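Notes follow the structure.
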Amino acid sequence: MQNRTMNAGKLACLSGVLLFGASLFAQSFAASEIRIQQYDSNGNVIGVDRIKNSTATRAKTQKDSGHDYGIEPDGILVAGSTHQIKTAARGLGVTITGFENLTALDITVAELQVPKGRNAGEVLAALQQSAPGLTSDYNHLFAEAVGKTDTPRGFMGWPRSTAQCGTGALIGMIDGSVDASHPAFEGRNLVAKSFIGNRHNPGSHDHGTAVASILVGGPDWGGILPGARLFAANIFYEKKDGTRAASARALTKALNWLLDSKIQVINLSIAGPDNTVIRKIVEAAARRGIVMVAAAGNGGRKAAPAYPAAYDETIAVTALNHDAKIYTAANQGAYIDFAMPGVKVWTAVPGGGSYQNGTSFAAPFVTALAAAEVANGAPGSPASLRKLLIPNTVDLGSPGKDPTFGHGFIKQPPRCFAMK
């Protein structure tokens with residue numbers, strides 16, 4: 001589907017409601033390594049995919065569509081009872097490197113280390129055949145889903161917020177580390193925790209800081225809900241080549257922490273492959289009323305779906321530029337729900353501010369809107385939040401939901417203004 005601009009009638013309906021950039025709204029993530037997409041305007045990737053087993057068909061399809069995927073050195077992630085996991089590992093002669101008891105979801109996850117000289121794909125295939133009652137997959141790596149014309153609120157044409165806007169709302173984010181000393185977070189309610197372990201060095205603070213500033217940055221930085229309390233989980237580490245990656249295991253630990261912290265709305269500006277263990281956990285979280293908002297992906301319109309955004313239990317957000325045209329590197333597909341600003345968005349970064357491009361920076365807009373609605377008493381579930389937000393969208397594509405823009409652009413500001 002080709003990119004579209006809004007027609008004159010749609011422009012007219014926005015006139016006087018929001019200022020979405022000067023030109024348009026002035027009027028109105030045996031394989032041993034992953035090549036991970038860096039969510040920037042160039043779509044940088046790293047690593048190699050050599051999967052040759054029952055899971056290979058899925059991985060090959062994704063690679064051929066613009067994605068290259070791989071795994072952590074420890075290789076395999078499995079979910080099930082502790083006894084079943086230990087029995088299966090013993091039978092296959094593999095070592096369990098750690099257990100994670102996801103207490104919030106009543107799920108146990110373990111990481112299995114593939115012995116040197118053995119093929120990870122063959123071990124996974126043997127595990128799936130010998131223990132069909134377990135949910136198992138590679139310990140996939142995920143990537144950050146990655147411009148000053150204005151701050152987030154200014155980009156939207158929303159009024160400058162008060163420092164109290166969003167008070168009472170709880171937001172979770174799973175991303176890179178956040179520079180909590182940045183002036184954008186002075187006086188803000190920020191709780192941070194790392195899940196990368198002791199064997200890795202944390203990645204740079206840029207991506208996580210930018211996403212956090214869109215969500216809860218102070219009024220001078222255009223944060224959408226400055227008064228909200230943000231729980232920021234860091235799952236990204238720096239690889240030897242200087243690039244950043246996050247394991248599926250770290251993602252499971254971060255999700256469990258957020259749920260234990262009673263967070264109902266979570267931002268996931270990350271992307272990777274369809275992982276059966278992650279899918280099981282996302283489904284379990286959704287059944288408990290957890291709203292997960294995810295970046296749609298940066299592989300381009302012919303790329304395979306990016307996860308977790310493509311799971312039905314998440315709300316997928318793509319990126320628009322100032323002219324309401326789709327971001328050229330954005331994924332497209334039936335899983336796209338909404339389209340929000342994601343090109344040249346001015347955010348906080350360590351040492352100051354910077355332009356940002358990518359679906360990573362569009363997702364927080366919907367996360368903040370969802371968090372405000374939940375704080376105002378809306379039912380906490382992906383389906384209910386979609387129904388609540390859809391009537392406030394402007395259709396940017398063919399009539400109704402389409403694979404480029406989803407339901408369209410959400411024009412409403414957060415409900416914190418009704419609480420003043």
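Nothing here was measured: the structure is a model prediction, and the numbers come from that model. Hydrogens, waters and symmetry mates play no part in the numbers below; they use all other heavy atoms, side chains included.
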Determine, for Arg244 against Asp206, whether the closest basic-nitrogen to carboxylate-oxygen distance falls under 4.0 angstrom.
no
Which heavy atom in Gly397 sits nearest to a heavy atom in Asp402, and how many Å separate them?
CA-OD2, 3.2 Å
Main chain of Val78, side chain of Ser136: is a donor-acceptor contact present, judged purely on distance under 3.5 Å?
no
Are Thr318 and Asn331 packed together at the side-chain level, in the sense that at least one heavy-atom pair is separated by less than 4.5 angstrom?
no
Check: Tyr307 ring centre within less than 6.0 Å of Tyr311 ring centre:
yes
Within 6.0 angstrom of Glu283 CD, more than 12 heavy atoms from elsewhere:
yes
Under 4.5 Å between any side-chain heavy atoms of Leu385 and Val366, yes or no?
no
Any chance the side chains of Thr103 and Asp260 put a donor and an acceptor closer than 3.5 Å?
yes
For a 4.5 angstrom cut-off between non-hydrogen side-chain atoms, does Thr404 reach Leu396?
no
If the test is side chain to side chain donor-acceptor pair (under 3.5 Å), which one of Glu111, Gln113, Arg249 qualifies with Asn139?
Glu111
Donor + acceptor pair across side chains of Thr209, Asp179 (<3.5 Å)
no
Can you tell me if Thr252 and Glu100 form a side-chain donor-acceptor pair at under 3.5 Å?
no
Give the minimum heavy-atom separation between Asp175 and Ser269, together with the two atoms involved.
OD2-CB, 3.5 Å
Could you check whether any side-chain heavy atom of Ile224 comes within less than 4.5 Å of a side-chain heavy atom of Ile214, counting everything from C-beta outward?
yes
Tell me, with the steps shown, if Gln164 and Thr167 meet side chain to side chain contact (heavy atoms under 4.5 Å, CB included).
CA-CA 5 Å; Gln164 293 74 37; Thr167 298; 3.7 Å; yes
Flag yes if more than 12 heavy atoms outside Lys401 fall under 6.0 Å of its NZ atom; otherwise flag no.
yes
Heavy-atom donor-acceptor pair, Asp337 side chain to Ala316 backbone, under 3.5 Å
yes
Got Lys280 and Val277 here, is their nearest side-chain heavy-atom distance under 4.5 Å?
no
Looking at Phe185 versus Trp221, is the centre-to-centre ring distance below 6.0 Å?
no
If you look at every heavy atom in Leu389 and Gln412, which pair is closest and at what distance?
CD2-NE2, 3.7 Å
Exam field: side chain Arg288 to backbone Ala284, donor-acceptor pair closer than 3.5 Å
yes
When every non-hydrogen atom of Ala294 is compared with those of Ala363, the smallest separation belongs to C-CB, 4.1 Å
Donor-acceptor contact below 3.5 Å, side chain Thr276 vs main chain Thr135:
no
What are the two closest heavy atoms between Ala104 and Leu259, and how far apart are they?
CB-CB, 3.4 Å
Determine the interplanar angle of the Trp158 and Phe365 rings, folded into 0 to 90°, and report it as parallel if under 30°, tilted if 30 to 60°, perpendicular if over 60°.
perpendicular
Can Arg160 and Asp220 be counted as an ion pair, charged N to O under 4.0 angstrom?
yes
Using atom types as modelled and distance alone, determine if a side-chain donor or acceptor of Ser81 lies under 3.5 Å from a backbone N or O of Gln84.
yes
So Asn234 and Lys193, side chain to side chain contact (heavy atoms under 4.5 Å, CB included) or not? Walk me through it.
CA-CA 6 Å; Asn234 173 32; Lys193 189 170 181 177; over 6 Å; no
Taking all atoms of both residues into account, what is the closest heavy-atom pair of Lys411 and Pro391, and its distance?
NZ-O, 4.4 Å
Within the structure provided, determine whether Phe231 and Lys262 are in side-chain contact (heavy-atom separation under 4.5 Å).
no
If we only count heavy atoms from C-beta on, is the Ile281 to Ile107 side-chain gap below 4.5 Å?
yes
Treating Arg229 as the side-chain partner and Ile171 as the backbone partner, does any N or O pair qualify as donor plus acceptor under 3.5 Å?
no
Hey, do the aromatic rings of Phe236 and His205 have their centres closer than 6.0 Å?
no
Within-4.5 Å side-chain heavy-atom neighbours: Pro403 and Tyr335:
no
